[in-house]
Asker: 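One structure follows; several queries about it will come next.
Naming convention: chains lettered A, B, ... in sequence-line order (proteins, then strands); numbering from 1 in each chain.
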Amino acid sequence: MSDLRETRLEKAAALQAIGQGPYGLGFAPSHSTAALQQAHADLANGAERDIPVAVAGRVMTRRVMGKLAFFTLVDESGPIQLYLEKATLDGAHAYPASPDASPSGFAQITTLVDAGDLIGVAGSLRRTDRGELSVKVTSWQMLCKSLQPLPDKWHGLADVEKRYRQRYLDLIVSPHTRETFRRRALAVSAMRRWLDQRGFLEIETPVLQSVPGGADARPFETHHNALDLPLTLRIATELHLKRLVVGGFERVYELGRIFRNEGISTRHNPEFTSIEIYQAYTDYIGMLELTEQLIAAVCQQVCGATRISYQGTEIDLTPPWRRATMHELVQQATGLDFTTFSNREDAAAAMQAKGLAVPDLADSVGRLLVEAFEQTVEADLIQPTFVLDYPVENSPLARAHRSKPGLVERFELFIAGRETANAFSELIDPLDQRQRLEAQQARKAAGDDEAQSVDEDFIHALEVGMPPTGGLGIGIDRLVMLLTDSASIRDVIAFPLLRPESGSRPEPAQ
RNA sequence: GGGUCGUUAGCUCAGCGGUAGAGCACUCGGCUUUUAACCGAUUGGUCCUGAGUUCGAAUCUCAGACGACCCA
């Protein structure tokens, strides 16, 4: 409604007329609202405490009754009530004297301040008869006049689309949303602190790459004008972090944004955040122990416990976590022992006999094992479970298993039915690595557009020599979903990708 | 990619073939202990878009846009 905006613009002009503009330059609060609530918890109902306080924030609700009014002011720490008394405000000269200032200070604050405005107030403290700690205001200052209405004060912002498109409104009216992003920040900083304390260095690697690598995924394509060079956005940080290990950094990580040109769902956003961690002279079991300790420590810091509730289910992240091989889990779920299949046809027939789908792209026993796992096991791994020892076909960057032919030293961590982490003993044999990537390239040529490419410089780095190394990747968004009890990845990404609203969409390029 | 559901006032929603509705917000009046304040009055609409059926469409049909959820 533009009437409302017009009205507020008129109030902005009125503010100008009485000697202060609608946009303040700054304000020095003496306390956060939460600090006041805490420090004066002992103040009795109906009592006053004559100490000077100043607070700033957004006016969320207004209740005006004749010569007395109550506003609720909210700053980042929370709410406090403003106690606005005509007798007090009209005696206190809230504004520079103005010859034609007909409205009183009380009339000004009650007519020129709307819900949604940012104001600063000064005064003393009073707990009302009903027990609400309040700032008894003696002067006030407009800091920002809001021209838009707030969402419904009782129902809030229920339209999920609007919550994502106008996250600022969601944050203003939804304490739960604020808490989610506060916890996300806490989780990320706790994770960095944990690693930094153990001698890991965070080193940033390129987002723009000419050979995308390190994962099975389709990249976003872009172009560098000056070099006239086609580039892709990174789909993983793996290959560059390994180059750093070759260079002598024995403990490195990078926590940052990854881009994959894939569909959108409650578990996928095209840009998401991962952390990859590499440690020289250890293997995937070393990384498994690191994963348990790291995630449990982060959970403890963010949630205050390692037993948490996720979407109504209790999840216990207290180490140690269950470990099982993929073969064991598939056998438990289906009765099929994939170690007994010597060719794809036998495995496919056995799967079909159990009613499982057999996709054409799964062209080997190992790939069918992974299919069977995804179809029958994955969704039921609610408590944290390390799934160990993957087939070599699906893991071109992982080292061959030391004792199990056809497998690699790799685990994935599942929590709440979702893949949350992935780790290997890294493949450091350059000749083996070349063969594996060339096999991937062949798949790509055959039509698998998620297959990986050969990165010659990466292979060259391996020829220079990389120490035996354990590597780990954790999906930060999915971990934060768990720690904030969020059902959708969009609830933990401040500004998730959405289609532009119709009308603002550019014409498709020719 | 397939299916289901949704889109009506700034916000939250009702209306489901016969003049476009409610609560909150806004505006005006009243009110010195409220906290979803209250009482009274007023204001506010591309019923997502387009086509069709009909004497008549927010309502029925078809197509499209956007979103949510489920499945692949």
Asker: Nearest-Å distance, CD (A:Q166) to C1' (B:rG10)?
Answerer: 11 Å
Asker: Ring of A:Y390, cation from A:R410 - is the NZ or CZ under 6.0 Å from the centre and inside 45° of the axis?
Answerer: yes
Asker: Can you tell me the base-pairing partner of B:rG44? Count Watson-Crick or G-U wobble geometry only, both distances below 3.5 Å, and say none if there is no partner.
Answerer: none
Asker: Have a look at A:G156 and say if it touches a base, only the backbone sugar-phosphate, or nothing, with a 4.0 Å heavy-atom cut-off.
Answerer: sugar-phosphate
Asker: Determine the Euclidean distance between corresponding C1' atoms of B:rA20 and B:rG44; express it in Å to zero decimal places.
Answerer: 12 Å
Asker: Please tell me whether A:E276 and A:T237 have a donor and an acceptor in their side chains that are separated by less than 3.5 angstrom.
Answerer: yes
Asker: Taking the same atom, C1', in B:rA36 and in B:rC24, what whole-Å distance lies between them?
Answerer: 8 Å
Asker: Base, sugar-phosphate, or nothing for A:K136, non-hydrogen atoms under 4.0 angstrom?
Answerer: nothing
Asker: May I have the distance from A:R8 (atom CZ) to B:rG44 (atom C1'), rounded to whole angstrom?
Answerer: 15 Å
Asker: Do A:T177 and A:D170 have a side chain donor and acceptor closer than 3.5 Å?
Answerer: yes
Asker: C1' atom, B:rU43 versus B:rG1: distance in rounded Å?
Answerer: 48 Å
Asker: Under 4.0 angstrom, heavy atoms only, what part of the nucleic acid is A:V64 near: base, sugar-phosphate, or nothing?
Answerer: base
Asker: Expressed in whole Å, how much space separates the P atoms belonging to B:rC47 and B:rU7?
Answerer: 15 Å
Asker: Distance between the P atoms of B:rU46 and B:rA58, in whole angstroms?
Answerer: 14 Å
Asker: Is there a side-chain contact between A:F70 and A:T61, using heavy atoms and a 4.5 Å cut-off?
Answerer: no
Asker: Distance only, no hydrogens: is a donor on one side chain within 3.5 Å (strictly under) of an acceptor on the other, for A:E221 and A:T232?
Answerer: no
Asker: Just by modelled atom types, is the A:E419 backbone N or O under 3.5 Å from a matching donor or acceptor in the A:R478 side chain?
Answerer: yes
Asker: Residues of residues 117-129 of chain A with any non-hydrogen atom less than 4.0 angstrom from an atom of RNA chain B: list those, numerically ordered, please.
Answerer: A:R126, A:T128, A:D129
Asker: Polar pairs (N or O, both sides) under 3.5 Å between protein and nucleotides 67-72 of chain B?
Answerer:
residue : atom : partner : partner atom : Å
B:rG67  : OP1  : A:R499  : N            : 2.9
B:rG67  : OP2  : A:R499  : NE           : 3.3
B:rG67  : O4'  : A:E161  : OE1          : 3.3
B:rA68  : OP1  : A:R490  : NE           : 3.3
B:rA68  : OP1  : A:R490  : NH1          : 2.2
B:rA68  : OP1  : A:R490  : NH2          : 3.4
B:rA68  : OP2  : A:R490  : NH1          : 3.2

Asker: Give the rounded distance in Å between these two atoms: CZ of A:R62 and P of B:rU35.
Answerer: 16 Å
Asker: Could you state the CG-C1' distance from A:L84 to B:rU35, rounded to the nearest angstrom?
Answerer: 13 Å
Asker: Does A:G131 or A:K11 map to a spot on RNA chain B nearer the 5' end, using the closest nucleotide for each?
Answerer: A:K11
Asker: Does a donor on one side chain sit under 3.5 Å from an acceptor on the other, for A:S77 and A:T33?
Answerer: yes
Asker: Only pairs with both distances under 3.5 Å count, Watson-Crick or wobble alike; so what is the partner of B:rG56 in this structure?
Answerer: none
Asker: Contact between A:R167 and A:P496 at the side-chain level, heavy atoms closer than 4.5 Å - yes or no?
Answerer: yes
Asker: Whether the A:R63 and A:Q81 side chains hold a donor-acceptor pair (N or O, under 3.5 Å, no angle test) is what I'd like checked.
Answerer: yes
Asker: When rounded to the nearest Å, what value does the distance between C1' atoms of B:rG3 and B:rU59 take?
Answerer: 24 Å
Asker: Return the pairing partner of B:rA9 with a 3.5 Å limit on both distances, Watson-Crick or G-U wobble; otherwise return none.
Answerer: none
Asker: Tell me the interatomic distance from A:D170, atom CG, to B:rC11, atom P, rounded to whole angstroms.
Answerer: 14 Å
Asker: Paired with B:rC69 by Watson-Crick or G-U wobble geometry, both distances under 3.5 Å: which nucleotide is it?
Answerer: B:rG3
Asker: Under 3.5 Å, is there any donor-acceptor pair linking the side chain of A:D152 to the base of B:rG23?
Answerer: yes
Asker: Taking atom C1' in both B:rC26 and B:rA51, compute the distance separating them and give it to the nearest angstrom.
Answerer: 38 Å
Asker: With RNA chain B as reference, determine whether A:A158 or A:E132 sits nearer its 5' end, using the nearest nucleotide of each.
Answerer: A:A158
Asker: Using atom CZ of A:R63 as one end and atom C1' of B:rC38 as the other, report the distance to the nearest whole Å.
Answerer: 12 Å
Asker: Under 3.5 Å, is there a donor-acceptor pair linking the side chains of A:D491 and A:Y164?
Answerer: yes
Asker: Could you tell me if A:Q452 and A:D216 have a donor-acceptor pair between their side chains, going purely by distance under 3.5 Å?
Answerer: yes
Asker: Does B:rG17 pair with anything, Watson-Crick or G-U wobble, both distances under 3.5 Å, and if so, with which nucleotide?
Answerer: none
Asker: Could you please name the partner base of B:rG50, counting Watson-Crick and G-U wobble pairs only when both distances are under 3.5 Å?
Answerer: B:rC62
Asker: Provide the distance between the two P atoms, one in B:rA25 and one in B:rG6, to the nearest whole Å.
Answerer: 29 Å
Asker: For A:L157 and B:rC24, what is the distance between atoms CG and C1' respectively, to the nearest whole Å?
Answerer: 14 Å
Asker: Does A:K86 place a side-chain N or O at less than 4.0 Å from the phosphate oxygens OP1/OP2 of B:rU33?
Answerer: no
Asker: Check whether any side-chain N or O of A:R184 sits under 3.5 Å from a backbone N or O of A:V492 as a donor-acceptor pair, and report yes or no.
Answerer: yes
Asker: Tell me the interatomic distance from A:L4, atom CG, to B:rU42, atom P, rounded to whole angstroms.
Answerer: 20 Å
Asker: Quick one: look up who B:rA25 pairs with, Watson-Crick or G-U, both distances under 3.5 Å, and put none if it's unpaired.
Answerer: none
